[in-house]
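This report concerns only the one structure given below.
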Amino acid sequence: MIYKNVPMVSKVVFGRGSFSQLPEILSPLRLNSNAPFLFIADKVFQGNSYLTSRVPLAYRDEILYVSVDDEPTTYKIDEITEDIILRFPQKPSAIIGIGGGSVLDIAKAVSIMLTNPGNAESYLGIGLVKNAPIYHIGIPTLSGTGAEVSNKSVLIGGDGKSSIVSEYITFDQVILDPELIQNVPHHQWFFSAADCFIQSVESEAGHYSNALSISHAREAMKGLENILQADIDSESQQEQLMLGSWHSGLSALHSNNGICRALSFGLIDVLGLKHAISNCIVFNALSDYFPEKVEEFKQMMLIHNIDLPQNLSSNLSDSEIKRMAKISINYQDYWKNAFGNSWKTKFSLDDIIKLYNKM
Ligand code: NAD
């Protein structure tokens with residue numbers, strides 16, 4: 001038996017309004033006046049003074065706004081890294097990511113690429129990063145993926161969706177301020193919370209799970225069930241969602257994703273769907289595997305007036321569905337987590353195609 005030995009975030013602040021502590025958190029980290037603090041922030045905050053007025057800028061510090069209309073690619077990481085190398089006289093004192101899972105993954109990968117030669121694509125995989133990264137801080141403004149606590153940066157590159165997995169990827173500092181997620185649009189809020197719920201369900205049920213991952217998954221599910229079964233938007237819900245994401249991310253660190261994520265990656269590749277909604281579409285079709293949890297999820301959608309896109313497969317050709325299935329089956333670790341080491345005897349390409357035809 002080989003037990004996973006996973007890296008953890010070194011420092012965490014949790015609390016409403018804790019984002020305002022950014023100046024005192026950053027101040028001891030400044031290397032010198034030529035080594036800036038670079039804030040990589042979701043473009044949705046450009047011109048939003050509630051957030052940007054509290055970002056302390058001095059010397060050569062800058063906010064770099066990034067669009068997350070498309071999921072992050074290795075190409076985008078190389079572009080941002082090159083821009084930083086060309087425009088600043090020294091390496092940054094710290095990279096600070098402010099946004100949802102997409103921006104957090106960009107910040108993680110850029111901090112790695114600033115100290116490692118070559119392009120981001122060559123680091124997709126496990127344990128390929130050699131040099132310690134720039135100090136990096138994650139500040140989630142959307143909770144659900146668990147990216148704030150994970151040891152990976154999920155990027156599109158190579159043959160599709162993949163990850164840089166490294167102990168160096170984990171954030172050095174995370175600031176969890178539930179106030180920052182208060183203006184997330186309702187639909188996005190639901191899909192992110194549901195994504196987190198689904199990740200916890202899979203992590204708990206997985207063959208890689210153990211008492212530690214199960215305890216985090218259950219803690220996450222308890223909070224998420226509370227908030228997804230009530231149609232109110234309160235401060236306590238924001239807190240519970242932020243904690244749910246944290247626990248579910250911790251759970252996945254010790255366990256893994258499963259059938260839902262593997263199928264979702266096929267959908268994202270062919271249909272260009274966004275991460276959280278794609279997971280919801282897939283989970284909705286998994287009643288044979290998680291009967292009670294899928295029923296619970298359907299009730300949650302009713303409470304929140306969520307209409308998921310239906311009959312996606314009817315607009316797809318057989319060859320497109322086959323392509324999705326082939327992409328999906330390549331995520332062998334997820335299938336192993338779902339069905340065990342002998343998963344190939346329990347699940348085939350045809351089973352995957354049948355499931356896609358239900359979506
Ligand atoms: P996202 O970061 O792509 O954001 C979704 C939408 O919400 C965007 O339009 C964004 O602008 C908006 N948004 C974010 N914060 C907001 C706020 N406070 N107010 C209003 N709008 C806001 O969504 P996500 O689901 O958090 O992240 C998805 C990405 O995370 C995918 O690329 C996925 O692969 C990745 N991911 C990473 C991990 C990991 O462990 N690293 C795990 C799961 C998923």
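What you see below is based on every heavy atom in this structure, not just the backbone, and it leaves out hydrogens, waters and symmetry mates. Each ligand, and each atom within it, is numbered from 1 in the order the structure gives. No experiment lies behind these values; they were computed from the predicted model shown.
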*asked:* For H136 versus Y168, what's the shortest heavy-atom pair and its separation?
replied: CE1-O, 3.3 Å
*Please state which protein non-hydrogen atom is closest to atom 15 (N) of ligand 1 and give its distance, to 0.1 Å?*
T141 OG1, 2.9 Å
*Tell me: protein heavy atom nearest atom 21 (N) of ligand 1, and distance?*
P185 CD, 3.8 Å
_Using a 4.0 Å cut-off to any heavy atom of N183, which atoms of ligand 1 qualify?_
19 (N), 20 (C)
*Hey, does L241 have a side-chain heavy atom less than 4.5 Å from the side chain of L224?*
yes
_Can you confirm whether D159 is buried at CG, in the sense that more than 12 heavy atoms of other residues, nucleotides or ligands lie under 6.0 Å from that atom?_
no
*Count the heavy atoms of every other residue, nucleotide or ligand shown that sit under 6.0 Å from NZ of K358, and state whether that count exceeds 12.*
yes
_If you count every heavy atom of other residues, nucleotides or ligands that lies below 6.0 Å from K43 atom NZ, does the total exceed 12?_
no
*Proximity flag K161 to ligand 1, non-hydrogen atoms under 4.0 Å*: yes
*If you measure from each heavy atom of R261 to ligand 1, is any distance below 4.0 Å?*
yes
_Which option wins on minimum heavy-atom distance to atom 6 (C) of ligand 1: K274, Q188, H275?_
Q188
_At less than 4.0 angstrom from any non-hydrogen atom of A147, what atoms of ligand 1 do you find?_
38 (C), 39 (C), 40 (O), 41 (N)
*Which residue and non-hydrogen atom of the protein lie closest to atom 25 (O) of ligand 1, and at what distance in Å?*
T145 CG2, 3.6 Å
*Look at atom 26 (O) of ligand 1 and say which protein heavy atom is nearest, naming residue and atom and giving the distance to 0.1 Å.*
G101 N, 2.8 Å
*Check the pair D351, S348 against side chain to side chain donor-acceptor pair (under 3.5 Å), reporting the backbone distance first and the verdict last.*
CA-CA 5 Å; D351 295 317; S348 67; 3.2 Å; yes
*For atom 39 (C) of ligand 1, grab the closest protein heavy atom and report residue, atom and distance to one decimal in Å.*
S150 OG, 3.3 Å
_S192-ligand 1 polar pair, N/O distance under 3.5 Å_ = no
*Of the side chain and backbone of F265, name the one, both, or neither that has a heavy atom under 4.0 Å from an atom of ligand 1.*
neither
_G99 to ligand 1, any heavy atom closer than 4.0 Å_ = no
*Contact check: S153 vs ligand 1, nitrogen or oxygen atoms, below 3.5 angstrom*: no
*Residue and atom name of the nearest protein heavy atom (relative to atom 22 (C) of ligand 1), distance in Å to one decimal*: V44 CG1, 4.1 Å
_Consider side-chain contact (heavy atoms from CB on, under 4.5 Å). Of I277, I306, D307, which one does H187 pass it with?_
I306
_Residue pair I134, T115: steps toward the side-chain contact (heavy atoms from CB on, under 4.5 Å) verdict_ = CA-CA 7 Å; I134 300 292; T115 57; 3.9 Å; yes
_With nothing but distance in play, are any N or O atoms of L142 less than 3.5 Å from an N or O of ligand 1?_
no
*Which of parallel (below 30°), tilted (30 to 60°) and perpendicular (above 60°) describes F339 and Y289?*
perpendicular
_Can you confirm whether the side chains of N257 and Q199 place a donor and an acceptor under 3.5 Å from each other?_
yes
*Considering only the protein, which heavy-atom contact is closest to atom 41 (N) of ligand 1, and what is its distance?*
D105 OD1, 2.8 Å
_P72 contact mode with ligand 1 (heavy-atom cut-off under 4.0 Å)_ = side chain
*Whether F45 lies under 4.0 Å from ligand 1, heavy atom*: yes
_Using a 4.0 Å cut-off to any heavy atom of V68, which atoms of ligand 1 qualify?_
8 (C), 10 (C), 11 (O)
*Going by the angle between their ring planes, with limits at 30° and 60°, are W343 and W335 parallel, tilted or perpendicular?*
parallel
_side-chain contact (heavy atoms from CB on, under 4.5 Å) partner of F37, chosen from I137, V55, L26, I63_ = L26
*What part of L180 sits under 4.0 Å from ligand 1 if we count only heavy atoms: the side chain, the backbone, both or neither?*
backbone
*In terms of residue, atom name and distance, what is the protein heavy atom nearest to atom 38 (C) of ligand 1?*
V154 CG2, 3.7 Å
*Please step through side chain to side chain donor-acceptor pair (under 3.5 Å) for the pair S209 and S255, ending with a clear verdict.*
CA-CA 5 Å; S209 69; S255 175; 5.0 Å; no
